[in-house]
**Student:** 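Before anything else, here's the structure in question.
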Amino acid sequence: MQKLFYGGHIVTMDDNKTQPEAVLVQNGRIVFVGDLAEAKLFCLGNVEKIHLEGHTLLPGFIDGHSHFSVVARYMSFCSLQNCESYDDILEALLSYKKKNKHRYIIGFGYDHNFLKEQWHPSKELLDKVSSTEPVCILHISGHMCVVNSVVLSMAGLSENISNPEGGRFGRLPDGTLSGYMEEFAAMKPILSILFQRGERELLARLKAAQQLYFKHGITTIQEGAAGYETMELLAKAARRGLLIADIEAYVMNEEFDRVAADFSKYYLKRHYGLRLKGAKIMLDGSPQGRSAWLSRPYEGEKEYCGYPSHTFEEVKSAAECAIRGNYQLLAHCNGDRAAQQFIGAYALAFKEMTVKEAINSVGLRPVMVHCQTVRDDQLDAMKAIGMLPSFFVSHTYYWGDVHLKNLGTARGARISPVKSAVNRGMIYNFHQDSPVLEPDMLHTIWCAVNRVSKQGVDIGPSQKINVYQALRGITINSAYAYHDEHKKGSITAGKNADFVILDKNPLEIEGEELKNIRVLETIKGGNSVYQI
């Protein structure tokens with residue numbers, strides 16, 4: 001069955017300045033793009049004609065970085081995103097406890113920056129929710145959490161424990177643990193305890209999470225920090241035909257070899273919607289949580305610059321493994337010192353390769369994820385080694401005011417310096433780091449074009465980009481980051497028929513209106529997977 005799309009705006013994103021009248025699809029592929037009369041010449045037999053009714057057809061959006069399985073898990077948690085005080089958190093958790101019969105009481109999305117108390121709660125608040133059941137609240141960034149006394153006891157944590165390398169435990173004035181934990185190194189003992197869910201429930205939630213991405217026009221989704229158990233879950237979902245979207249999995253670096261060996265059928269090739277694309281390494285924390293690793297101190301601090309998650313040698317070893325193994329490496333870097341660690345380690349690892357290894361690994365396209373405070377000289381160095389920036393540009397709106405406070409005016413206004421990357425001719429993409437933010441690509445486009453904070457402050461006007469440049473960050477550029485520019489990312493004959501239909505053409509409206517555009521329909525492989 002062929003499908004003919006016509007009667008609206010068609011934005012191909014292939015840099016062709018002419019706007020086609022029609023797109024013809026057959027067997028999930030685009031077979032023709034051009035004039036309507038000519039398209040009809042290619043039509044064979046019974047053709048489904050889809051009139052766009054003046055709406056806009058674009059390539060399906062491509063997620064630059066998120067945590068698909070975590071989105072699925074968190075859908076059952078208590079939402080704390082609208083809480084403005086400790087009392088609000090307590091009320092939300094007690095209400096959740098009353099309505100749900102989960103073994104654990106877990107909340108997600110509190111942000112100390114927007115609480116009346118201006119700091120993280122402690123176990124004393126969560127003990128009021130329950131003194132017998134485990135209670136945990138996760139920070140919106142995912143880099144911090146607070147647990148009650150029950151969880152501390154379950155994990156065997158006491159005041160005698162020391163801060164791990166790359167993490168911190170909070171303490172009360174008497175020296176006992178407050179229940180606050182910062183970064184994965186500190187949170188690890190409790191995450192495996194709290195995140196136990198039945199397989200059937202998780203598989204069902206994967207389907208629901210996939211629909212959330214489809215709702216926002218996304219047809220390619222990233223699993224950005226998988227462990228072995230997550231790959232097992234995704235593989236089961238793939239075998240059962242549950243994965244309609246393309247899922248790009250990146251495994252935490254320390255588990256990569258084991259996962260690649262045991263899930264070899266997914267390694268660098270797509271199998272029932274799932275592909276194991278490479279490894280991920282975390283190099284620092286969160287700028288809004290003041291744990292990102294900076295080259296200069298945070299505002300109000302004489303020396304404190306955040307801290308690293310790994311040594312230089314550990315990062316270099318990860319880069320060496322990726323280069324020799326011919327796979328892609330992603331690195332979480334919020335602070336510019338973490339960015340320098342990744343750039344330096346990767347460049348040195350590449351320099352020390354044999355000629356054969358170097359030739360084989362050209363074009364691996366390592367990705368620096370987040371890039372909040374990356375400098376111009378670092379962008380130059382990244383371009384020289386083929387490293388791609390993936391910007392979390394929505395920070396300009398959600399935490400722009402916090403960055404001005406934590407980093408000062410000059411650094412704060414330069415977060416997510418997309419225009420600097422554009423000026424250098426770099427290929428960049430965008431992400432929402434879901435579940436940190438909902439995977440709303442159109443709001444991200446609005447952020448990149450307008451750069452206005454929640455309080456209405458301009459966050460670095462010199463870093464604004466135009467709408468077309470922003471759309472590249474969620475289409476063809478993201479396809480390039482996955483080595484898939486020949487398969488997706490633009491409406492071009494021969495590529496996958498992955499589309500999104502919008503109620504307005506983003507290239508023909510005022511920048512302020514971008515966030516109000518609605519996704520009317522999402523199409524994967526020529527088939528509708530979401531429709532209003």
Side-chain angles (χ1 to χ4, degrees), residues 65-70 73 141-145 155 161-169 181-196 222-235 247-264 266-268 274-286 291-293 307-335 338-339 341-346 348-350 352 361 364 366-370 387 390 433:
H65 176 70
S66 71
H67 306 274
F68 176 50
S69 65
V70 181
R73 290 176 185 273
S141 68
H143 287 263
M144 304 125 198
C145 72
I161 194 168
S162 301
N163 286 337
E165 188 69 29
R168 294 196 296 187
F169 292 106
M181 301 175 191
E182 188 174 284
E183 300 305 330
F184 181 72
M187 296 162 62
K188 186 177 180 180
I190 61 101
L191 294 181
S192 59
I193 296 173
L194 295 174
F195 286 3
Q196 296 175 0
Q222 186 177 119
E223 172 58 58
Y228 191 92
E229 291 181 356
T230 297
M231 276 302 297
E232 279 188 314
L233 178 70
L234 292 174
I247 309 299
E248 305 288 357
Y250 292 82
V251 176
M252 293 307 292
N253 182 66
E254 57 270 21
E255 296 192 65
F256 181 80
D257 288 343
R258 180 186 172 210
V259 170
D262 289 359
F263 297 91
S264 57
Y266 304 99
Y267 182 40
L268 300 182
L274 176 62
R275 177 169 63 170
L276 174 55
K277 194 70 178 67
K280 164 79 175 295
I281 188 168
M282 298 280 295
L283 300 192
D284 70 342
S286 158
S291 58
W293 193 26
Y307 49 89
S309 300
H310 290 280
T311 66
F312 182 86
E313 286 304 316
E314 288 171 338
V315 181
K316 180 170 174 282
S317 175
E320 289 170 344
C321 289
I323 294 169
R324 290 198 174 100
N326 204 36
Y327 59 84
Q328 201 174 23
L329 181 64
L330 272 57
H332 166 115
C333 302
N334 269 314
Q341 187 185 51
F342 187 40
I343 295 166
Y346 201 94
L348 184 58
F350 188 83
E352 293 179 356
S361 62
L364 285 180
V367 178
M368 183 184 294
V369 178
H370 303 328
M387 184 176 288
S390 182
D433 202 19

**Student:** For Tyr266, check side-chain hydrogen bond (donor to acceptor under 3.5 Å, both in side chains) against everything at least two apart and list the hits.
**Tutor:** none
**Student:** Does some side-chain heavy atom of Phe169 sit less than 4.5 Å from a side-chain heavy atom of Pro164?
**Tutor:**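 A side-chain contact under 4.5 Å exists here.
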**Student:** For Ala322 and Leu364, which heavy atoms make the closest approach, and how far apart are they?
**Tutor:** O-CD1, 3.8 Å
**Student:** Tell me the closest heavy-atom pair linking Arg275 and Leu268, and the distance in Å.
**Tutor:** CD-C, 3.9 Å
**Student:** Are Phe342 and Leu329 packed together at the side-chain level, in the sense that at least one heavy-atom pair is separated by less than 4.5 angstrom?
**Tutor:** yes
**Student:** Provide the closest heavy-atom pair for Met187 versus Gly142 in the form atom of the first, atom of the second, distance.
**Tutor:** CE-O, 3.8 Å
**Student:** Let's go through Tyr307 and Glu182 carefully: what are the C-alpha distance in whole Å and the side-chain angles of both, what is the deciding distance for side chain to side chain contact (heavy atoms under 4.5 Å, CB included) to 0.1 Å, and is it a yes or a no?
**Tutor:** CA-CA 11 Å; Tyr307 49 89; Glu182 188 174 284; 2.4 Å; yes
**Student:** Distance from Glu320 atom CD to Glu313 atom CD, nearest 0.5 Å?
**Tutor:**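 Rounded to the nearest 0.5 Å, the CD-CD separation comes out at 8.0 Å.
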**Student:** Using side-chain heavy atoms (C-beta onward) and a distance below 4.5 Å, is Ile323 in contact with Tyr346?
**Tutor:** yes
**Student:** Quick one: does Phe312's side chain get under 4.5 Å of Gln341's, heavy atoms only?
**Tutor:**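 Side-chain contact under 4.5 Å: yes.
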**Student:** What are the two closest non-hydrogen atoms of Ala331 and Leu283, and how far apart are they?
**Tutor:**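 Shortest heavy-atom contact: CB-CD1, 4.1 Å.
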**Student:** Start with the C-alpha distance between Tyr327 and Cys321, add both sets of side-chain angles, then the distance that settles side chain to side chain contact (heavy atoms under 4.5 Å, CB included), and finish with yes or no.
**Tutor:** CA-CA 8 Å; Tyr327 59 84; Cys321 289; 3.5 Å; yes
**Student:** Is it the case that atom CD in Glu165 sees more than 12 heavy atoms from other parts of the structure closer than 6.0 Å?
**Tutor:** no
**Student:** What are the two closest heavy atoms between Ala338 and Cys333, and how far apart are they?
**Tutor:** O-SG, 3.7 Å
**Student:** Among residues at least two apart in sequence or on other chains, which ones pass salt bridge (charged side-chain N to carboxylate O under 4.0 Å, His left out) with Arg324?
**Tutor:**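 For Arg324, the residues satisfying salt bridge (charged side-chain N to carboxylate O under 4.0 Å, His left out) (neighbours in sequence not counted) are Glu357.
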**Student:** How about Val367 and His65: do any of their side-chain heavy atoms sit closer than 4.5 Å?
**Tutor:** no
**Student:** With sequence neighbours left out, write down each residue that passes side-chain hydrogen bond (donor to acceptor under 3.5 Å, both in side chains) with His310, or none if nothing qualifies.
**Tutor:** Glu314
**Student:** For the pair Asp284 (side chain) and Gly335 (backbone), establish whether a donor and an acceptor sit closer than 3.5 Å, ignoring hydrogens and angles.
**Tutor:**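 Judged by distance alone, yes, a pair lies under 3.5 Å.
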**Student:** What's the separation between atom OH in Tyr267 and atom NZ in Lys277, rounded to the nearest 0.5 Å?
**Tutor:**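 Answer rounded to 0.5 Å: 9.5 Å.
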**Student:** Set out, in order, the CA-CA distance, both residues' side-chain angles and the distance that settles side chain to side chain contact (heavy atoms under 4.5 Å, CB included) for Gln328 and Glu248, then state yes or no.
**Tutor:** CA-CA 11 Å; Gln328 201 174 23; Glu248 305 288 357; over 6 Å; no
**Student:** Roughly how far, to the nearest 0.5 Å, is the CG atom of Asn163 from the CD atom of Glu183?
**Tutor:**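 One gets 12.0 Å once the value is rounded to the nearest 0.5 Å.
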**Student:** Could you list the residues that satisfy ring-ring contact (aromatic ring centres under 6.0 Å, His included) with Phe350, not counting sequence neighbours?
**Tutor:**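 None.
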**Student:** Keeping Ser286 on the side-chain end and Ser291 on the backbone end, is there a donor-acceptor pair under 3.5 Å?
**Tutor:** no
**Student:** Show every side-chain hydrogen bond (donor to acceptor under 3.5 Å, both in side chains) that has at least one partner inside residues 251-263, sequence neighbours left out.
**Tutor:** Tyr228-Asp262
**Student:** Report the distance from atom CE of Met231 to atom CG of Leu274, rounding to the nearest 0.5 Å.
**Tutor:**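 If we round to the nearest 0.5 Å, Met231:CE and Leu274:CG are 4.5 Å apart.
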**Student:** Check ring-ring contact (aromatic ring centres under 6.0 Å, His included) between His332 and all other residues, then give those that pass, not counting sequence neighbours.
**Tutor:** His143, His370
**Student:** Just how far is it from atom CZ of Phe184 to atom CG of Leu191, taken to the nearest 0.5 Å?
**Tutor:**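 The CG atom of Leu191 is 6.0 Å from CZ of Phe184, to the nearest 0.5 Å.
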**Student:** Once rounded to the nearest 0.5 Å, what's the spacing between atom CD of Glu232 and atom CG of Leu234?
**Tutor:** 10.5 Å
**Student:** Can you name the nearest heavy-atom pair linking Ala349 to Ala319, along with the distance?
**Tutor:** CB-CB, 3.8 Å
**Student:** Would you say Glu223's side chain and Ser69's backbone share a donor-acceptor pair under 3.5 angstrom?
**Tutor:**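 It does hold such a pair.
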